[in-house]
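What follows is a single structure, written as structure tokens, with notes after it.
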Amino acid sequence: MPTSWADSVANSAAENAAVGSSANNGVGSTSIPARSSYVPPHLRNRPPSSDPPAPAYSGPSSSIDRPSYGAPQGGIQWGGPRSDSGRPGFSSGRIGGGGWNSRSGGWDRGKEREVNPFGDDCDAEPAFSEQENSGINFDAYEDIPVETSGDNVPPPVNTFAEIDLVEALNQNIRRCKYVKPTPVQRHAIPISLTGRDLMACAQTGSGKTAAFCFPIISGIMKGQFSQRPRGARTVYPLALILSPTRELSCQIHEEARKFSYQTGVRVVVAYGGAPINQQLRDLERGVDILVATPGRLVDLLERARVSLQMIRYLALDEADRMLDMGFEPQIRRIVEQMDMPPRGVRQTLLFSATFPKEIQRLASDFLSNYIFLAVGRVGSSTDLIVQRVEFVQESDKRSHLMDLIHAQKENGTHGKQALTLVFVETKKGADSLENWLCINGFPATTIHGDRTQQEREHALRSFKSGATPILVATDVAARGLDIPHVAHVVNFDLPNDIDDYVHRIGRTGRAGKSGLATAFFNENNSSMAKALADLMQESNQEVPAWLSRYAARSSYGGGGRNRRSGGGRFGGRDFRREAPFNRGGSGADYYGGGNNSGGGYGAPGGYGGGHGPGVTSAWD
DNA sequence: TCCCAAG
């Protein structure tokens, strides 16, 4: 696989050398598209004109374990922004065609037709600046312990000003009213800017999206990328951001558009359930950052409407979910079996609030000499969330829910500014409960995978606006969704996995605000008792005595049929630290893994992060 | 079971 990549690098170098002549006329769906070589992150910031015409890639740097790719003969890629004018034949049917490196195209496009995503000129949607972003309660994030491991971890920053981001991005950060970076941003952004791969754990609602978007946008703006191929109908994004649900992809897209406003960096979203034609048109107008759900992306790749050849940045949001059973084959296919540059060549960023060790092990297939980062103290942001567990028989759940909501109404915690999010186990159960609530006079709506995308989006809007202040949801809404004013999360049915519980309750208590989470527990959930009791204890929550008894009783039975974390619950620690101990155990097959795409796992080597062995993090 | 393409 590296060979073919190197080959195509060489090919494209040759093709690029011919730019301006008509030699490129062969570019089409079947030929190898022209593109020049990869420029490694540590060389990217150089002004093109002052750089010697050196090979784009001169082998692995001392500190970064990157496979070496045959350095294509150089000069070509440093030639500075190239004029497109010599290739009149290829702009037909495409506007701008390229994205960032058609520099002029990028800037002009940004200035001329970009819709202002901040809604400055539209009061109808005050959402962005007022709700989510200002008013982050930084006091809630004081004294948060941070754990890093890996080689040469760059130091954190304290302000956005000391980060070398491009000015246009800084301006957008101000527009967002971000005054200072959140803890995960303080650490993750400098790491990402040095070009290192990263596995980052940070509590729900702590600003992870910006933490991976800023370095990507900045890197794209500063990078000297070759002219991307044009013609055909294939587009070549520079960055790919994958997430497990359509709504989350939409949300990331909206955020990323704000961050990239007037930067010329173009962000496009592609997800299923929506007509593909509009998405194809969006793509054809040019794309630098593609935000997508896996299924639709595979579709686009199969249609050859998207190529991953030029990907420099790969970000997986909710990365542990993306590598969980259901998604892992698709992700592997996208990342390892399409035309994406291998790990070490691209930069890979994985983010989640939870990272079980087994998933970390899988994830290391996609990473090269990465830094592990965990931000949060024991209990972390979840101790902003008051957690309650109530023993409720299955048959009593509905009336009990009704009691809760009545109580909320009485003390003013229900309504437009105090939304209630109710999680259930199944899609049918969601419909049924929604219906029952409506019949009983509680305006509710529901979101789950059996609803059409239109219905899903309408439900979310209706909930956010307060028109239906109760949303009944399956786990489709468990992760990542940033819904302001969720005052109460009810686990009507507990999940079977404690990590899912963490994500669900994380829909409240965001951006340093407090929240309430209530869980209905009965015999059917006894396998969750221990994990739940432990989590609550770590989060400084009061654990009911009856739950502790359940926990003691059920713990011998295996502590939950947690599909992922055989041992430690959260896996917030870098699994590499414990790898030697795991070797004889269930992870024995790990080192021999047959799936290594690039010649074995870069030995975990020096964990010299400077942490004592006793350090515990929020994920323990 | 949940989520990830359509048809």
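Each chain gets a letter, A, B and so on, in the order the sequences are listed, and its residues count up from 1.
- Remark: P of B/dC3 and CZ of A/Arg504 are 11 Å apart, rounded to the nearest angstrom.
- OP1 and OP2 of B/dC3 both lie 4.0 Å or more from every side-chain N or O belonging to A/Thr293.
- Residue A/Gln454 places its CD atom among 12 or fewer non-hydrogen atoms of other residues, nucleotides or ligands, all under 6.0 Å distant.
- Look at NZ on A/Lys427: it is 9 Å from P on B/dC4, rounded to the nearest Å.
- Between the CE atom of A/Met528 and the C1' atom of B/dT1 there is a distance of 14 Å, given to the nearest Å.
- A/Arg479 places its CZ atom 16 Å from the P atom of B/dC2, with the value rounded to the nearest Å.
- One can place CD1 of A/Ile331 at 17 Å from P of B/dC3, the figure rounded to the nearest angstrom.
- Distances shown here put every side-chain N or O of A/Lys428 at or beyond 4.0 Å from the OP1 or OP2 atom of B/dT1.
- Legend: salt bridge (Lys or Arg N to Asp or Glu O under 4.0 Å) pairs involving residues 200-216 of chain A, not counting sequence neighbours: none detected.
- A salt bridge (Lys or Arg N to Asp or Glu O under 4.0 Å) check over residues 237-251 of chain A, counting only residues at least two apart or in different chains, returns the pairs A/Glu247-A/Arg456.
- Atoms CE (A/Met322) and P (B/dC4) sit 10 Å apart, rounded to a whole Å.
- The side chain of A/Thr426 lies closest to B/dC2, out of B/dC3, B/dC2, B/dA5.
- With sequence neighbours excluded, the residues that form a salt bridge (Lys or Arg N to Asp or Glu O under 4.0 Å) with A/Arg303 are A/Asp299.
- For A/Gln330, the listed nucleotide lying nearest its side chain is B/dC4; candidates were B/dA5, B/dC4, B/dC3.
- Side-chain contact between A/Leu516 and A/Val489 is absent, with no heavy atoms from C-beta onward closer than 4.5 Å.
- For A/Glu302, the side-chain atoms get nearest to B/dA5 when compared with the rest of B/dA5, B/dC2, B/dC4.
- Side chain A/Arg321 to base B/dC4: no donor-acceptor pair is found below 3.5 Å.
- Within a heavy-atom distance below 4.0 Å of DNA chain B, the residues of residues 245-253 of chain A found are A/Thr245, A/Arg246.
- Taking atom CG of residue A/Leu240 and atom C1' of nucleotide B/dC4, one finds them 14 Å apart after rounding to whole Å.
- One can place NE2 of A/His503 at 22 Å from P of B/dT1, the figure rounded to the nearest angstrom.
- In this structure, A/Arg456 reaches the B/dC4 phosphate: one of its side-chain N or O atoms is under 4.0 Å from OP1 or OP2.
- Annotation: salt bridge (Lys or Arg N to Asp or Glu O under 4.0 Å) contacts of A/Lys427 (sequence neighbours excluded): A/Asp450.
- Within 4.0 Å of A/Val298, counting heavy atoms only, lies no atom of the nucleic acid at all.
- Scored by the side-chain hydrogen bond (donor to acceptor under 3.5 Å, both in side chains) test, A/His488 finds A/Gln408, A/Thr518 as partners (sequence neighbours excluded).
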